[in-house]
Undergrad: 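I am attaching a structure below and will ask some questions about it afterwards.
Residue indices begin at 1 and follow the sequence shown.
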Amino acid sequence: MEEDWFAAPVATLAAPLLDRFAKELHAVDGLAAPERAVVREAATRSVLALLQVKLNRVFLLELQAASLEGRLGDGEPPERWQQFLTLARTPDYLAELAGRYPVLHERTDAVAARHLDAVLELAARLASDRPALAALLDGREPGPLQGLSLGAGDPHRGGHAVALLDFAHGRVVYKPRPTEVDAALAAFLEEVGTADGAGPALRVPRTLVRAGYGWAGFVTHRYCRDSAELALFYRALGRWLAVMRLLGGTDLHAENLIACGPEPVVVDAETLFTPDPPTPPSGRGEAVDLAYRLIRGTVLRTGILPLRADGYTLAGVDISAAGSLPGQNPRIRVPVIADAGTDAARLAVDVVDLPRTGNHPSPDPVLIHHWDQVVAGFRDQTAHLAALDAAGALAPALDHFHGTVVRLLRRPTQAYVEIARMLWHPASLHDPAAALERGRDIMRRNAAALPGAPDDPATVDAEIADLLLGDIPVFTFTVDRTRLDATLADWHSADLWREEDVIRSALVGAYLNERQLPARVQVPTRKPHGARLDARRRRIAADAVERLLRHAVTGVDGTTTWISPVLMRAGWAIRPLTADLYSGQGGVVLALAQYRAEARAGRADEVPGLEPALRGALRVLAATEERVPTAELGGFLGLAGQAWTWAALHGLADDPVVRAADPLERARARAALITAEALAADQELDVLTGTAGVIVPLLGLTELTGEDQWLAAAAAAGAQLERTVRHDERGARWSTPLTPEGIGGFAHGSTGIGWALSRLAASPAGSAADRARWCALAGQAFAFESSLFDDTAGAWQDARVGSQTDFPTAWCHGSTGIGLAAADLYRRGGDAHQLETARRSLPATMREGFGWSHTLCHGDLGLRELLATLAELLPDYAGPDLVWADAELLSGIEERGPVGGIAKEAFAPGLMPGLAGVVTALLRMHPDHRVVSPLLQDLTVPTR
């Protein structure tokens with residue numbers, strides 16, 4: 001929000017306190033007159049900005065009221081604005097405010113007084129400690145104070161906040177909290193060191209410790225000079241992960257780590273030795289509870305690795321030290337004053353880019369190129385610490401922390417920020433008692449959902465008291481011998497393999513979407529050969545299933561799940577698997593059930609342990625759907641995908657394990673949640689997540705059950721697509737939150753939506769007039785996709801704004817999905833245009849060939865599905881022979897393992913981006929398979 005529109009009335013409110021501050025500042029010995037002027041100017045600027053943020057909504061409301069009451073005259077809107085600013089500074093008007101908002105003056109005075117008192121304390125500490133600051137400036141005397149930046153962090157405990165002080169000979173940082181832990185960390189790092197040849201030593205800023213506060217050296221951000229420095233930086237980042245895994249460090253987000261060339265310097269490490277809070281059972285099975293505990297105990301908790309937030313303001317935002325990549329964060333919502341400077345001024349919400357921080361070692365960091373260095377640094381430093389431990393040197397090194405005071409984050413700062421905004425809302429200032437009760441209720445509900453958050457009345461009241469006075473509450477504890485021993489014991493129990501896998505998996509989360517991914521790097525198979533193809537196919541498929549079982553998390557109650565990056569609306573996140581088909585539990589369950597069916601039919605090898613794992617995974621899938629509401633509707637990430645998954649499992653109901661889960665009834669139950677109201681509110685719209693993805697699964701459920709009730713929801717989906725379409729001279733496209741420009745392609749764009757509409761138009765849903773409109777709209781969608789075809793490249797261009805000029809070949813974005821949709825519609829209706837599109841898709845896809853990824857979504861196995869489809873469909877098929885393609889694929893998997901594209905070596909069990917999809921595709925290579933493909937969500941299997 002702009003901070004200066006109401007500066008004049010706020011300055012009037014703060015004037016008495018600022019006058020008092022000036023007198024008290026004059027009494028501080030040890031500051032020259034120009035230095036007092038610097039402090040006074042900084043304090044005035046910061047306190048006025050602080051109060052305006054809290055009072056802008058009050059003055060906007062008062063402006064509207066004064067305008068409606070005719071108190072602003074008959075001039076032009078800018079004149080009436082000035083009239084209000086004049087009115088709002090008068091004593092009589094300020095007295096009126098006290099009548100409407102009984103706590104406004106009291107709270108405003110309290111916030112300003114605490115803030116100014118904190119600045120006075122800073123000034124006195126500066127005067128006392130100035131000679132010692134030379135230790136932070138390489139021995140140079142600081143010289144005169146020339147600049148002061150207040151509020152470099154959140155205010156705590158009486159308005160105290162980090163400040164930056166600029167002297168004639170350098171800059172230092174003021175930390176108004178106990179800094180013994182900073183000095184202890186520096187001593188610990190010096191004592192334990194790093195493995196030989198591991199690059200520069202890990203370091204933190206030099207710290208001058210004082211009673212209850214301290215001073216620190218300022219770390220200047222600079223980019224790496226070359227690739228060698230970049231490699232050192234990311235290797236050191238991995239070493240920080242190892243150190244913080246030992247020390248229980250958290251909250252090491254982008255602002256708490258500065259890239260100083262090849263050195264990542266941790267500048268604020270006040271949250272060490274963080275205990276794992278107790279958590280209630282999830283109700284989804286002990287496997288899920290265990291998986292959550294495992295995740296909380298890994299390096300993911302440090303804050304260094306990519307992790308996307310939830311909540312209204314920061315939904316999908318990654319603020320991690322390794323992540324928060326440029327172009328890979330969603331824009332955030334911020335309040336602004338629209339039509340400021342006129343009497344029509346009002347509060348609005350704008351979206352802005354997150355400001356860049358100093359955590360990156362290059363202006364355009366390509367994190368995907370440095371994952372190996374991060375893992376190697378973690379592995380080397382962990383081995384070094386283990387060697388020290390074996391020699392008996394690690395426990396004594398931890399003694400540096402004994403008696404230090406560290407911070408415990410019991411509630412997210414963003415939660416406090418939102419509650420504070422509510423408490424300072426005009427309605428809350430008008431009726432403070434009701435607002436306080438609302439605040440208490442929000443705190444209690446937050447605690448019910450957040451392990452470790454306080455819920456006892458006394459603590460909640462203390463938190464609210466801090467928020468009313470402008471502070472963010474702080475909790476601390478003193479590190480004692482019990483805590484040190486528990487920390488070392490926890491580190492001894494760490495699973496190094498899982499830690500490394502979490503690192504790889506979490507790094508995927510830095511990439512929100514694919515519009516700014518680095519270029520795809522093809523790695524052709526070195527020695528493809530076609531010998532014993534079926535035996536090799538069976539062995540690779542069995543190995544993939546065995547790997548899935550090996551990585552499973554199993555509870556003592558027999559439930560089974562996996563830990564993995566999963567695709568959510570806000571991007572990739574490390575979780576126990578969600579219920580969805582795309583990367584979640586549903587897709588893995590379907591792949592395992594189909595493998596078991598093929599093994600029972602003799603077309604795949606038996607894998608020990610598969611039956612109990614499938615049974616346990618089915619239990620978790622059902623419980624997750626029941627316990628965790630699904631907001632999305634679509635065919636892969638939403639309710640329709642869940643309904644399709646259970647419908648596909650119904651086709652395997654001769655298996656007693658599957659039959660016991662009652663799959664058809666569960667398919668009906670998930671489909672019943674797709675209501676006309678939910679469709680009308682949907683903004684996602686695409687096949688993957690939204691409205692278009694509802695249509696084909698519901699048509700399939702209708703054919704499976706003979707129940708026409710599902711057609712009404714499919715027709716409602718068609719109506720929603722009609723309401724939300726954007727027409728132009730190129731055809732029809734749909735704007736979604738992820739791609740507001742409207743794009744092509746199957747999963748997110750016009751091809752998939754047109755395909756769904758075509759299928760709807762060919763069904764019994766709706767009236768004849770409805771079906772005619774849907775058919776015409778589908779044609780317009782295909783017209784838009786056709787406009788993206790580049791004759792020179794012989795492929796479809798990526799229409800995403802912000803992406804490079806690219807011609808993707810994937811199912812989700814590109815020619816594989818376009819070709820499969822066209823082939824499906826031609827087979828069903830004989831449309832010559834679709835036949836031509838299917839023909840075009842073959843050379844468009846083969847222009848890159850095999851070698852980047854083995855996934856169904858964006859890799860070689862999706863391409864193989866297209867080749868098999870076209871080979872069967874086109875009498876003049878001129879593509880690669882399937883035997884050759886299978887030899888290429890199987891040899892590639894044997895040489896490199898099943899590679900997941902961006903996920904690289906990270907364990908990814910999911911159907912579309914990972915191992916479950918590899919299993920599914922390998923099963924479908926057998927000529928007599930009975931395996932449904934998820935790519936077009938068809939419930940029929942081939943008859944031979």
Side-chain angles (χ1 to χ4, degrees), residues 327 330-331 351 513-516 633-634 679-695 715-762 766 769-808 810-815 817-822 825 829 831-834 836-838 840-841 844:
R331 307 186 82 195
V351 290
N513 58 65
E514 296 180 339
R515 69 177 67 225
Q516 293 191 19
L633 300 176
L679 287 162
D682 180 51
Q683 297 180 345
E684 300 296 336
L685 304 177
D686 63 19
V687 166
L688 192 82
T689 309
T691 295
V694 164
I695 293 172
Q720 172 71 348
L721 294 173
E722 290 183 273
R723 284 191 296 269
T724 54
V725 67
R726 291 169 49 191
H727 287 289
D728 59 25
E729 69 281 356
R730 300 172 67 183
R733 63 177 113 174
W734 284 262
S735 176
T736 71
L738 181 62
T739 55
E741 63 269 40
I743 64 170
F746 186 84
H748 301 288
S750 287
T751 288
I753 296 175
W755 166 78
L757 286 167
S758 294
R759 293 287 303 273
L760 185 62
D770 292 332
R771 294 192 289 274
R773 291 196 316 275
W774 296 330
C775 185
L777 184 55
Q780 287 294 298
F782 295 132
F784 174 73
E785 189 70 74
S786 294
S787 75
L788 299 175
F789 191 81
D790 185 301
D791 289 318
T792 302
W796 288 269
Q797 184 174 339
D798 191 343
R800 286 171 289 178
V801 173
S803 66
Q804 309 92 329
T805 299
D806 194 11
F807 301 93
W811 167 85
C812 50
H813 295 287
S815 52
I818 293 171
L820 285 170
L825 295 179
D831 186 332
H833 171 76
Q834 300 296 346
E836 179 56 28
T837 299
R840 281 181 163 186
S841 71

Undergrad: How long is the span from the OG1 atom in T724 to the CZ atom in R733, to the nearest 0.5 Å?
TA: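 Reported value, rounded in 0.5 Å steps: 14.0 Å.
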Undergrad: Which heavy atom in A716 sits nearest to a heavy atom in L679, and how many Å separate them?
TA: CB-CD1, 3.7 Å
Undergrad: Looking at A822, is its backbone amide N or carbonyl O close enough to the side chain of W755 to form a donor-acceptor pair, meaning the two atoms are under 3.5 Å apart?
TA: no
Undergrad: Checking R730 against S786 for the side chain to side chain contact (heavy atoms under 4.5 Å, CB included) test, could you report, in this order, the C-alpha distance in whole Å, the side-chain angles of both residues, the deciding distance, and whether it holds?
TA: CA-CA 9 Å; R730 300 172 67 183; S786 294; over 6 Å; no
Undergrad: Of all the heavy-atom pairs spanning W796 and P808, show the shortest one and how long it is.
TA: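 Looking at all heavy atoms of both residues, the shortest contact is O-CD, 3.9 Å.
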Undergrad: By side chain to side chain contact (heavy atoms under 4.5 Å, CB included), which residues pair with E836, not counting sequence neighbours?
TA: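 Here the qualifying residues are R839, R840.
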Undergrad: Could I get the full list of salt bridge (charged side-chain N to carboxylate O under 4.0 Å, His left out) partners for D831, not counting sequence neighbours?
TA: none
Undergrad: Working to the nearest 0.5 angstrom, can you tell me the gap between L721 CG and D682 CG?
TA: 8.5 Å
Undergrad: Does a donor on one side chain sit under 3.5 Å from an acceptor on the other, for E785 and T751?
TA: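 Note: E785 and T751 side chains meet the donor-acceptor criterion.
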Undergrad: Ignoring hydrogens, what is the shortest heavy-atom contact between L757 and G718? Give both atom names and the distance.
TA: CD2-CA, 4.3 Å
Undergrad: Where do G794 and F789 come nearest, in terms of heavy atoms and distance?
TA: C-CZ, 3.5 Å
Undergrad: Could you check whether any side-chain N or O of D686 sits under 3.5 Å from a backbone N or O of G749, counting only pairs where one atom can act as donor and the other as acceptor?
TA: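 Checked: no pair found.
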Undergrad: Please name the pair of heavy atoms, one in I753 and one in A692, separated by the smallest distance, quoted to 0.1 Å.
TA: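 Where I753 meets A692 most closely, the heavy atoms are CG1-CB, 3.7 Å.
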Undergrad: Let me confirm one number: the OG1-CD distance from T691 to Q683, rounded to the nearest 0.5 Å.
TA: 10.0 Å
Undergrad: What's the shortest heavy-atom distance between A778 and G754, and which atoms?
TA: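 Where A778 meets G754 most closely, the heavy atoms are CB-O, 3.4 Å.
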Undergrad: Please round to the nearest 0.5 Å and tell me the distance separating atom CZ of R771 and atom CG of L760.
TA: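 Taking CZ in R771 and CG in L760, the distance rounds to 9.0 Å.
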Undergrad: Check the pair H813 / I818 against side chain to side chain contact (heavy atoms under 4.5 Å, CB included), numbers first and verdict last.
TA: CA-CA 8 Å; H813 295 287; I818 293 171; over 6 Å; no
Undergrad: Considering only heavy atoms from C-beta outward, does the side chain of S787 approach that of E729 to under 4.5 Å?
TA: no
Undergrad: How many angstroms lie between atom CZ of F784 and atom CZ of R726, to the nearest 0.5 angstrom?
TA: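 Answer rounded to 0.5 Å: 8.5 Å.
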Undergrad: Not counting sequence neighbours, list each pair that qualifies as a salt bridge (Lys or Arg N to Asp or Glu O under 4.0 Å) and has a residue in residues 745-760.
TA: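 Every pair satisfying salt bridge (Lys or Arg N to Asp or Glu O under 4.0 Å) with a residue in residues 745-760: R759-D824.
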Undergrad: Who passes ring pair (Phe, Tyr, Trp, His ring centres under 6.0 Å) against W811, sequence neighbours left out?
TA: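 For W811, the residues satisfying ring pair (Phe, Tyr, Trp, His ring centres under 6.0 Å) (neighbours in sequence not counted) are F636, F746.
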Undergrad: For E722, look at atom CD and say whether over 12 heavy atoms of other residues, nucleotides or ligands are found less than 6.0 Å away.
TA: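 Counting neighbours around CD of E722, more than 12 heavy atoms of other residues, nucleotides or ligands fall under 6.0 Å, so yes.
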Undergrad: Apply side chain to side chain contact (heavy atoms under 4.5 Å, CB included) to residues H748 and L688 and explain how you reach the verdict.
TA: CA-CA 6 Å; H748 301 288; L688 192 82; 3.4 Å; yes
Undergrad: Report the C-alpha separation of S758 and F782 in whole Å, then their side-chain angles, then the decisive distance to 0.1 Å, and conclude whether the side chain to side chain contact (heavy atoms under 4.5 Å, CB included) test is met.
TA: CA-CA 10 Å; S758 294; F782 295 132; 3.5 Å; yes
Undergrad: My understanding is that only residues two or more places apart in sequence, or in another chain, count here; which of them pass salt bridge (charged side-chain N to carboxylate O under 4.0 Å, His left out) with D790?
TA: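 If we apply the salt bridge (charged side-chain N to carboxylate O under 4.0 Å, His left out) test to D790, skipping adjacent residues, there are no hits.
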Undergrad: For T736, which residues count as a side chain to side chain contact (heavy atoms under 4.5 Å, CB included) partner, sequence neighbours excluded?
TA: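 T736 satisfies side chain to side chain contact (heavy atoms under 4.5 Å, CB included) with L685, L738, T739 only.
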